[in-house]
Amino acid sequence: MSEIPKAYEPQSVESKWYQFWLGHQCFVADAHSKKPAYSIVIPPPNVTGVLTLGHVLNNTIQDILARRARMLGCETLWLPGMDHAGIATERQVEKAVRTEEKKTKQDLGREEFIKRVWAWKEKHGGIIIQQLKKLGCSCDWSRERFTADPDYSRCVQKVFVELYKKGLIYRGKRMVNWCPASLTALSDEEVVMKAQSGLLHYFKVEVVEIVGQASRLSQTEKEKNENAGRQDACPTNNEIRATGIWLTIATTRPETIPGDTAVAVNPKDKRYAKLIGKHVMRPLPAELPREQKLIPIIGDEQIDIEFGTGVLKVTPAHDKADFEIGQRHKLPVIDIMNPDGTMNSLAGADLVGLDRFKARKVAAEKLKELGALEKEEPHQNNIGYSERADVPIEPRLSEQWFLKYPSVDKARACVEQSDEKGSAGAPPAAVGALADGPARAGAVDGASAAAPEAGALPDKMRFFPQRWAKVYDNWMNNIQDWCISRQLWWGHRIPVWYRKSEIRNPKSEIDTDDVWCENNPPPDPGNWEQDPDVLDTWFSSWLWPFATMGWTGDKSQDSKNPTLQTFYPTTDLVTAPDIIFFWVARMIMAGYEFMGQMPFQNVYFTGVIRDKLGRKMSKSLGNSPDPLDLIGNYGADALRFGIMRSAPLGQDVLYDEQHVELGRNFCNKLWNACRFRQLVGQASSLSPTDSKHASKDETGATPVPRYEVQGEINPALLTSDDKWILLKLDQAIREIDVAFAEYKFSEVTATLYRFFWSEYCDWYVEASKATLARPVESLKRGNVESTSGSTVERFNGSTNEADAIRANKLAVIDFVLSHTLRLFHPFLPFITEELWHGMGYDGDLPANQGGDTIMFAHWPKPLDDDFKAHYRLNESDERFVDAKYELVTRGRNLRREFNIAANKKVKFVLKVKDPLPPEEADVIKLLLNADALDVDPNFTPRKGTPSALTDLGELFLPLEGLVDIEAEKARLRKELAKIESEIEKVQSKLHNPDFVQKVPPKVLDEHKNRLADWQAKQQQIKAALRALGEKP
RNA sequence: GCGCGGUUAGCUCAGUGGUAGAGCACUUCCUUGACACGGAAGGGGUCAGAGGUUCGAACCCUCUAUCGCGCACCA
């Protein structure tokens, strides 16, 4: 007995069982299995990533789904892998090369640098995979994929070529989001808007007229400007005539003034309309001659008359909106910045070489110096930041590759938009399928109602929570072409080659004859040069659900691929909502485009993990605990349970370490509940046998000894408590199945918590101690005293029968615990596996159904009618036990009210209406911590004896010499007041004729019964008060 | 600006028209043979506010306040 640790110690248990599962190939999915298939692909973490609480939440959910699917009898694939994370990895390796070798990537050259990246990946990459194993994730590691693997690369290439040939991928010179830190273009989705407080600078410019000249700079002048820095004068001085009119312009970016090529006003703006066609003198660069500062005033409807001064400076090279204005008015484009965000020579002598932010200050100072600056006002605006590098992006004109999204209509149409009846929200049907047994397609997911036939797929994809469907729809309706090229080295290189030509710059104006875009490089590589850019990492991730399954794009080959045939489309996708556009939407489009089917049937969006103050977890805030520390301190199961319990569907999670602590306490409770079963089992002289797996424990931890599991439950020997707990178990299983069908994991944990802790431990186990926790001998003597004088003979006084009841109770406990462990397994994989074996519940089961591991034990089914009939489980037992426990609560309440210390034994008297079986009295006595419970239908209490009303009779707490009549009166008056207020409430309803007339009969009856109950109690309290001489 | 979500006990949250709930925290008592990572009892809520629908509203409708998120964006 002493070898069972008093508290659960997770560390050795976890490593032992994870090794066992791996060793027995428990996670490996068999594509040739006859079982219904269930599959999830992991959202591939970055190869540079380390485990965060967000990953813990996300992957615990996936593991729960996968483990439950296995228990339901599904062939389950949880496919893991990693993302090559272009920007993040390239930066990391560049940094390493710089510190270790004092070299830049250019020093190494492209080929050599890529070698370093692979070397880095082998050495440092994929830490997160090891961490996921610590969490208990049951991924099929034999199928682990990496988006940069050769097979995967072939998929990416194939897709690019196909889309290029369809005309959906094209190259063009566009305004893109340029990241000056990473030196690459980004997609719109990689830009996050951040509120910014800056300054609005107001500066004035003089309006001039040009006499006898073209009223604006011509295209040729533009080219001259760009190439030669505007050395050639255009109009001569005497052709520029000052008007004396000054315009004031408001800008947040004075440093871009040298790039201005027009000033725009709204033609409807009465203040300025007449000035359209005239020019202004641009103040910067200051050193230019007057005639080179001239820019036209143009009219454009887009200008907001209300904002600022109503005059907009137009900088086509450095602003998306300005670029469009420029296009409309054929304005020249003057790029005044270098790719890294410093100013180039076109910005003028004052700014050249400065960083853009420094340049902003200098430009403002220069305006002041020139007397052009009128005022500066604080200004709030939103600025796009590079998501990765966290610096403001720079709109920049450049040559990039774009994708016009494919299969948009199908992708948009497939997502269920609302909770229509019969499609979404069909838990009863799902539960029905579960009750019929696991070997049925669709039993796992809530959509089984929509897919009753094996192999038939639902025509709609469902989002959980549903509201994300609207966000998705909104994006799909406003979809923009995707900039897919990145100016990086690490990634899938664009499979396009340009014919070498001495005259032509390969990056501009492509002639199709000079472009090679095929699955293979050109046959005469010497004459071609490959595009230097790589593809956006998401351009590989969007193929994840099928590229990881060996997709080739060759229909006949793919139709013979068992993995693809069995596991695609996947069942569930679990992901954070912040990548709904990055990844989810794009995967759906790719699924339709390349597989002809949706890639997954259900998408579960997790909440975002925040700290106690509601802030997002972030490295810079340092508010993110290391999950590995938590696992070390509390155990993986504790972390999983704590997180899941605090993560309701659709809500963000406010993380608090207390949640994990609660998880640990819960595991400890489970551990001790099983320990109790072992201790009482041992007391009944059943001998321990060695654990099957004890020898496999290489950690030296003490294995839990095994005990004989009790056999069949005998219906004739069931006590009312036994029946009660079986009915509670049934109810819990049903609730859990419903909650799972709706992906409400926190409700599953709440039900498990309530059932196991409150119902099983607090009531059933405590009650069962009346039978179990004392020496067998004592059961022979009926020790409940009866005032009728005779000692109650229980169980016919037979030791054998007492032992039989006791053994039967152990069988009930084993039944309940073995179900409980299975229900807990998806949440608490390690401790349940340890206890499954320790308790011997693996004993008689076939190896593949729980004999080897709880992982493949059958998921518990609700108790069916036959079962209930056989064991005579019915509502009246449940009601009786509820009443019994209510009596106990009232008795304990009396103890407290009269300050009886919890450890003091007292005597209670129960004045029963109907006879109470002595074994029931025994349970009540134990739960009340009474040294005696007299059951006496004719009891006459001394005046002032504290009493409580219960459905089983009146309970008295006779206190020798301690009776405080006033205290008891006060207590009764308080209770009476409460009862009367309840009566008041119900009566006011029943007195309302409308209520009586219109309410459904069932509700009316309920109210009438409630009133009767309260009134009966009222009468009894009044009687008690009268007995104390009080006139109520 | 448009859209979405939240506002219920001190805290974190359940609760889709019929007696206001859980966990944690708090108060008091208890180391009784599973568990102090535990047990028992208790206090604590005009369900953000206002109107409406209804016999009846935390729940449905309208408006307001407030917090958060997404999209768009004005220099």
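Chain A is the first sequence line, chain B the second, and so forth, proteins listed ahead of strands; every chain is numbered from 1.
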Original post:
In terms of the angle between their ring planes, are A/Tyr760 and A/Phe755 parallel, tilted or perpendicular, with boundaries placed at 30° and 60°?
Top reply: tilted
Original post:
Expressed in angstrom and rounded to an integer, what is the separation of A/Phe898 atom CZ from B/A41 atom C1'?
Top reply: 14 Å
Original post:
Is it the case that more than 12 heavy atoms not belonging to A/Lys1008 sit under 6.0 Å from its NZ atom?
Top reply: no
Original post:
Does OP1 or OP2 of B/A75 have a side-chain N or O of A/His379 closer than 4.0 Å?
Top reply: yes
Original post:
Has the side chain of A/Lys470 got a donor or acceptor atom sitting under 3.5 Å from an opposite partner on the base of B/C4?
Top reply: no
Original post:
Does a nitrogen or oxygen in the side chain of A/Asn665 sit under 4.0 Å from OP1 or OP2 of B/G38?
Top reply: yes
Subject >> Separation of the P atoms in B/A57 and B/A22, to the nearest angstrom >> reply: 24 Å
Original post:
Once you round it to whole Å, what is the distance between P of B/C74 and OH of A/Tyr202?
Top reply: 16 Å
Original post:
Counting only Watson-Crick or G-U wobble pairs whose two distances fall under 3.5 Å, which nucleotide matches B/G38?
Top reply: B/C30
**OP:** Could you check which nucleotide pairs with B/C2 in any of the strands shown, counting Watson-Crick or G-U wobble with both distances under 3.5 Å?
**Re:** B/G70
Subject >> C1' gap between B/A25 and B/U31, integer Å >> reply: 23 Å
**OP:** Report yes if a side-chain nitrogen or oxygen of A/Trp757 is closer than 4.0 Å to either non-bridging phosphate oxygen (OP1 or OP2) of B/G39; otherwise report no.
**Re:** yes
Original post:
Roughly how many Å is it from CG in A/Asn474 to C1' in B/G1, rounded to a whole number?
Top reply: 14 Å
Subject >> Nucleotide of B/C74, B/C30, B/C55 approaching A/Val999 most closely (side-chain heavy atoms) >> reply: B/C55
Original post:
Would you say B/A41 has OP1 or OP2 under 4.0 Å from some side-chain N or O of A/Thr889?
Top reply: yes
Original post:
Which part of the nucleic acid, if any, lies within contact of A/Ala321, taking any heavy atom under 4.0 Å across all strands shown: a base, the sugar-phosphate backbone alone, or nothing?
Top reply: sugar-phosphate
**OP:** Counting heavy atoms from C-beta on, name the nucleotide in B/U19, B/G39, B/C55 closest to the side chain of A/Glu982.
**Re:** B/U19
**OP:** Please indicate whether A/Gln196 has more than 12 foreign heavy atoms, meaning atoms of other residues, nucleotides or ligands, lying under 6.0 Å from its CD.
**Re:** yes
Original post:
For atom P, what is the distance between B/U62 and B/A20, given to the nearest Å?
Top reply: 26 Å
Subject >> Separation between the P atoms of B/C59 and B/U16, rounded to whole Å >> reply: 12 Å
Original post:
How would you label the contact of A/Lys985 with the nucleic acid (heavy atoms, under 4.0 Å): base, sugar-phosphate, or nothing?
Top reply: sugar-phosphate
Original post:
According to the Watson-Crick and G-U wobble definitions, with both distances under 3.5 Å, which nucleotide is paired to B/G10?
Top reply: B/C24
Original post:
What does A/Ser646 touch in the nucleic acid at a heavy-atom separation under 4.0 angstrom: a base, only the sugar-phosphate, or nothing?
Top reply: nothing
Original post:
Are any of A/Asn903's side-chain N or O atoms less than 4.0 Å away from OP1 or OP2 of B/U31?
Top reply: yes
Subject >> Listed nucleotide nearest any side-chain atom of A/Arg892, set B/A75, B/A41, B/G38 >> reply: B/A41
Original post:
What about A/Glu766, does its side chain sit under 3.5 Å from the base of B/A34 through a donor-acceptor pair?
Top reply: yes
Original post:
From the list B/G70, B/C30, B/A22, which nucleotide is the closest neighbour of the side chain of A/Val471?
Top reply: B/G70
Original post:
Within the structure, does a side-chain N or O atom of A/Lys989 lie under 4.0 Å from either OP1 or OP2 of B/G56?
Top reply: no
Subject >> Protein-nucleotide distance (A/Ile609, atom CD1; B/C13, atom P), rounded to Å >> reply: 12 Å
Original post:
Rounded to whole angstrom units, what separation is found between the CZ atom of A/Phe666 and the P atom of B/C24?
Top reply: 12 Å
Subject >> Nucleotide nearest A/Arg896 (side chain, heavy atoms from C-beta), chosen from B/G15, B/A41, B/A22 >> reply: B/A41
Original post:
Just checking A/His659: base, sugar-phosphate only, or nothing, at a heavy-atom cut-off of under 4.0 Å?
Top reply: nothing
**OP:** Would you tell me whether A/Asn177 and A/Asp188 have side-chain atoms, one donor and one acceptor, within less than 3.5 Å of each other?
**Re:** yes
Original post:
Have A/Arg675 and A/Asn672 got a donor and an acceptor in their side chains that come within less than 3.5 Å?
Top reply: yes
Subject >> Interatomic distance where CD belongs to A/Glu1006 and P belongs to B/U19 [whole Å] >> reply: 7 Å
Original post:
When rounded to the nearest Å, what value does the distance between C1' atoms of B/C63 and B/U12 take?
Top reply: 30 Å
Original post:
Which is true for A/Pro1000 with a 4.0 Å heavy-atom rule: it touches a base, it touches only sugar-phosphate, or it touches nothing?
Top reply: base
Original post:
What nucleic acid atoms does A/Asp322 come within less than 4.0 Å of, heavy atoms only: base, sugar-phosphate, or nothing?
Top reply: nothing
Original post:
If each of A/Leu200 and A/Val653 is mapped to the nucleotide of RNA chain B with the nearest heavy atom, which maps nearer the 5' terminus, i.e. the 5' end?
Top reply: A/Val653
Original post:
Could you walk me through whether A/Thr889 and A/Asn893 pass the side-chain contact (heavy atoms from CB on, under 4.5 Å) check?
Top reply: CA-CA 6 Å; A/Thr889 300; A/Asn893 189 331; 5.5 Å; no
**OP:** Determine the interplanar angle of the A/Trp757 and A/Tyr753 rings, folded into 0 to 90°, and report it as parallel if under 30°, tilted if 30 to 60°, perpendicular if over 60°.
**Re:** parallel
**OP:** State whether A/Asn929 places a side-chain N or O below 4.0 Å from either non-bridging phosphate oxygen (OP1 or OP2) of B/C30.
**Re:** no
Original post:
Going by modelled atom types, is there a donor-acceptor pair between the base of B/C73 and the side chain of A/Asn382 at under 3.5 Å?
Top reply: yes
Original post:
Distance between the C1' atoms of B/C60 and B/G15, in whole angstroms?
Top reply: 16 Å
**OP:** Starting from C1' on B/C71, measure out to CD1 on A/Ile479 and report it in whole angstrom.
**Re:** 14 Å
Original post:
What does B/C55 pair with, Watson-Crick or G-U, if both distances are under 3.5 Å?
Top reply: B/G18
Subject >> From B/A34, B/C35, B/G23, nucleotide with atom closest to A/Arg645 side chain >> reply: B/G23
**OP:** Please state whether the rings of A/Trp671 and A/Tyr8 are parallel, tilted or perpendicular, taking 30° and 60° as the class boundaries.
**Re:** tilted
Original post:
Using a cut-off of 4.0 Å on non-hydrogen atoms, how would the nucleic acid contact of A/Val765 be classed: base, sugar-phosphate, or nothing?
Top reply: base
Original post:
If you check every side-chain atom of A/Arg675, which of B/A20, B/A34, B/G70 has the closest atom?
Top reply: B/A34
Original post:
Across the strands shown, which category fits A/Ala673 at heavy-atom distances under 4.0 angstrom: base, sugar-phosphate, nothing?
Top reply: base
Subject >> Pairing partner of B/A50 (Watson-Crick or G-U wobble, both distances under 3.5 Å) >> reply: B/U62
Original post:
If you look at every strand shown and take non-hydrogen atoms under 4.0 Å, does A/Arg1010 touch a base, only sugar-phosphate, or nothing?
Top reply: base
**OP:** Before accepting this row, confirm whether a basic side-chain N of the pair A/Asp260/A/Lys313 lies closer than 4.0 Å to the acidic partner's carboxylate O.
**Re:** yes
Original post:
When the nearest nucleotide of RNA chain B is assigned to A/Val1003 and to A/Met193 on a heavy-atom basis, which residue is associated with the more 5' position?
Top reply: A/Val1003
**OP:** For A/Lys669 and B/G38, give me the distance from atom NZ to atom P, rounded to whole Å.
**Re:** 7 Å
Original post:
Counting any heavy atom closer than 4.0 Å, what does A/Leu312 reach on the DNA or RNA strands: base, sugar-phosphate only, or nothing?
Top reply: base
**OP:** Please determine if a side-chain N or O atom of A/Lys769 lies less than 4.0 Å away from the OP1 or OP2 oxygen of B/A34.
**Re:** yes
Original post:
Do any side-chain nitrogens or oxygens of A/Asn478 fall under 4.0 Å of OP1 or OP2 in B/C71?
Top reply: no
